[in-house]
Structures are given as structure tokens and as C-alpha cells.
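Below is one structure, written out as C-alpha cells; the observations come after it.
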Amino acid sequence: MIESLTRINELAKKERQEGLTNAERVWQQVLREDYLREISGQVRNTFSGMTVIDPLGNDVTPEKLRLKKIEKDL
């Protein structure tokens with residue numbers, strides 16, 4: 001699990017129950033941006049390793065994805 005997720009959830013709970021200070025709001029936003037960046041990286045990494053096959057068994061992986069996969073393998 002992503003480490004910052006626990007703190008993000010703690011701040012969200014505190015926000016619902018009693019509110020956050022301005023510093024906590026800023027910190028919450030920073031943590032959320034970091035979390036989204038990390039998730040996006042994981043998704044890109046997953047897709048860069050994919051191969052797309054049509055129902056006839058032909059490789060129809062988009063050229064851009066194929067090039068990314070080659071870069072990743074080097």
C-alpha cells in the first residue's frame with residue numbers, strides 16, 4: 001500500500017469530524033497530489049507492458065505503446 005494513503009485518510013476523517021487547519025489543508029493537498037502521481041506511474045507502468053491481441057490472434061498493439069515497451073526493456 002502507498003504510505004501516504006494512511007495519512008490522507010486520517011486527514012480526511014479529521015476534516016469531516018472537526019475540520020483542518022490551513023497547514024493541514026495544504027499538507028493534505030500535497031499528499032493527494034503525490035498519491036495521484038504515484039498511482040499514475042503504476043498505471044503507465046502496467047500499460048507499457050501490455051500487448052493488445054485482436055480476436056483473430058493478431059498483435060494490434062498501438063505503435064506508441066510498442067515503442068514504450070521497447071524503451072522499458074532496454
Side-chain angles (χ1 to χ4, degrees):
M1 178 163 38
I2 298 172
E3 296 173 16
S4 61
L5 189 56
T6 302
R7 185 64 180 141
I8 290 169
N9 289 334
E10 289 170 357
L11 288 170
K13 183 178 179 181
K14 183 178 179 188
E15 183 177 31
R16 285 190 305 272
Q17 292 176 343
E18 58 193 78
L20 297 175
T21 65
N22 286 336
E24 288 172 326
R25 284 187 202 284
V26 169
W27 183 238
Q28 183 183 43
Q29 186 61 36
V30 168
L31 288 172
R32 285 177 174 171
E33 289 170 4
D34 288 347
Y35 175 77
L36 289 175
R37 197 173 10 265
E38 205 165 330
I39 291 296
S40 296
Q42 290 176 0
V43 170
R44 270 190 241 101
N45 189 39
T46 298
F47 277 104
S48 69
M50 290 178 65
T51 301
V52 182
I53 306 294
D54 71 6
L56 301 175
N58 300 315
D59 183 355
V60 292
T61 305
E63 188 64 28
K64 185 175 181 181
L65 184 57
R66 190 175 291 129
L67 293 174
K68 288 280 187 186
K69 187 174 180 181
I70 291 169
E71 286 176 14
K72 182 181 174 185
D73 291 342
L74 295 177

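This is a predicted model, so every value here is computed, not measured.
Scored by the side chain to side chain donor-acceptor pair (under 3.5 Å) test, T61 finds D59 as partners (sequence neighbours excluded). Contacts of R44 classified as salt bridge (charged side-chain N to carboxylate O under 4.0 Å, His left out), with partners at least two apart in sequence or in another chain: none. The side chain to side chain donor-acceptor pair (under 3.5 Å) test applied to E63 returns R66, not counting sequence neighbours. Every side-chain contact (heavy atoms from CB on, under 4.5 Å) that Y35 has, sequence neighbours left out, goes to I2, S4, L5, I8, I39.
Listed by first and then second residue, the salt bridge (Lys or Arg N to Asp or Glu O under 4.0 Å) pairs involving residues 23-35 are K14-E24, E15-R25, D34-R37 (not counting sequence neighbours).
Grouped with V60 in one hydrophobic cluster are V52, the linkage being side-chain heavy-atom contacts under 4.5 Å among Ile, Leu, Val, Met, Phe, Trp and Tyr residues.
For the atom pair R16 CZ and L11 CG, the distance stands at 11.0 Å (nearest 0.5 Å).
A chain of hydrophobic side-chain contacts below 4.5 Å, direct or via other Ile, Leu, Val, Met, Phe, Trp or Tyr residues, connects V30 to L20.
Looking at R7 and E10, a side-chain N of the basic residue comes within less than 4.0 Å of a carboxylate O on the acidic one, giving a salt bridge.
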